[in-house]
Amino acid sequence: MAIERTFSIVKPDAVAANHIGAIYARFESAGLKIVASKMVHLSREKAEGFYAEHKERPFFGALVDFMTSGPIMVQVLEGENAILANREIMGATNPAEAARGTLRSDFATSIDENACHGSDAPESAAREIAYFFGEDEICPRTR
Ligand code: RTP
Ligand code: MG
């Protein structure tokens, strides 16, 4: 398996609860490298664009309210099979269904406030990384 990049968010609930470091430690423990990272507070327009695929879903308004409710951390993770590896670290969308030891089991409180986001496929990873980062903001390891 080639080295892959994926896009990740520490959502407003987890930032507010001071879980940034604990979540970053899970990525690093799993061998994923953080090759870009910044804190941002999304505008409604930026959040709506990010979740455009869910525009017609009944939870869309609540999702945008939540994602704009406070700052988030956005990061690019790099490693072997990074997209699937990150989805496994995160656990199921609904924390009630997330396996023990996953981010959502340990840090999420509900399906709406579920602590983290991770790209679900190579196409979405490429699109989401470019939505937040210029290539000059991504720093592959040199050692
Ligand atoms: P994410 O995109 O945030 O990583 O989460 P995901 O892939 O696991 O889930 P997705 O289907 O893409 O849904 C995006 C976010 O919308 C909220 N959601 N609510 N009430 C509901 O039935 C429902 N379904 C999804 C979740 O907060 C989910 O993370
Ligand atoms: Mg998703």
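All of these numbers come straight from a predicted model, not from anything done at the bench. Just so you know, ligand 1 is whichever comes first in the structure, and atom 1 is the first atom listed for that ligand. Reckoned from all heavy atoms, side chains included, excluding hydrogens, waters and symmetry mates.
- No more than 12 heavy atoms of other residues, nucleotides or ligands lie within 6.0 Å of CD in Glu45, so this atom counts as exposed by the packing criterion.
- Residue contacts with ligand 1: Leu63 is placed with no nitrogen or oxygen under 3.5 Å of a nitrogen or oxygen of the ligand (distance criterion only).
- Between Arg87 and ligand 1, at least one pair of N/O atoms sits closer than 3.5 Å.
- Below 4.0 Å from some heavy atom of Thr93 lie the following atoms of ligand 1, by number and element: 6 (P), 8 (O), 9 (O), 26 (C), 28 (C), 29 (O).
- Within the structure, every pair that satisfies the ring-ring contact (aromatic ring centres under 6.0 Å, His included) test and touches residues 90-111, not counting sequence neighbours, is listed here: His19-Phe107.
- No N or O atom of Asp120 sits closer than 3.5 Å to an N or O atom of ligand 1.
- For atom 24 (N) of ligand 1, the candidate residues are Tyr51, Phe60, Phe59; the nearest heavy-atom contact is made by Phe59.
- With contacts defined as side-chain heavy-atom distances shorter than 4.5 Å, the pair Ile83/Pro122 qualifies.
- In the vicinity of Gly118, heavy-atom distances shorter than 4.0 Å reach the ligand 1 atoms 4 (O).
- Listed by number with element, the atoms of ligand 1 under 4.0 Å from a non-hydrogen atom of Asn114 are 26 (C), 27 (O), 28 (C), 29 (O).
- Using a cutoff of 4.0 Å between basic side-chain nitrogens and carboxylate oxygens, Arg44 and Asp65 are scored as salt-bridged.
- Given atom 4 (O) of ligand 1, the protein heavy atom at minimum distance is His117 ND1, 2.6 Å.
- With a heavy-atom cut-off of 4.0 Å, Glu113 does not touch ligand 1 at all.
- When hydrogens are left out, the protein atom nearest atom 3 (O) of ligand 1 is Lys11 NZ, 2.8 Å; that is the closest non-hydrogen contact.
- Take Ser37 and apply the side-chain contact (heavy atoms from CB on, under 4.5 Å) test, not counting sequence neighbours, and it matches Tyr24, Ile34, Met73, Gln75.
- Here the side chains of Val40 and Lys38 are in contact, with some heavy-atom distance below 4.5 Å.
- Contact annotation for Ile111 and ligand 1: heavy atoms of both the backbone and the side chain come within less than 4.0 Å of the ligand.
- Here the protein heavy atom with the shortest distance to atom 5 (O) of ligand 1 is Arg104 NH2, 3.2 Å.
- A tilted orientation is assigned to the rings of His117 and Phe7, their planes being inclined by 30° to 60°.
- The cluster map of Ile, Leu, Val, Met, Phe, Trp and Tyr, joined by side-chain heavy atoms under 4.5 Å apart, puts Leu42 and Ile23 in different clusters.
- In terms of protein heavy-atom proximity, atom 13 (O) of ligand 1 is nearest to His54 NE2, 3.4 Å.
- Checked by distance only, ligand 1 and Met90 stay at 3.5 Å or farther apart across all their nitrogen or oxygen atoms.
- Counting heavy atoms of neighbouring residues, nucleotides and ligands inside a 6.0 Å radius, atom CZ of Arg100 does not exceed 12 of them.
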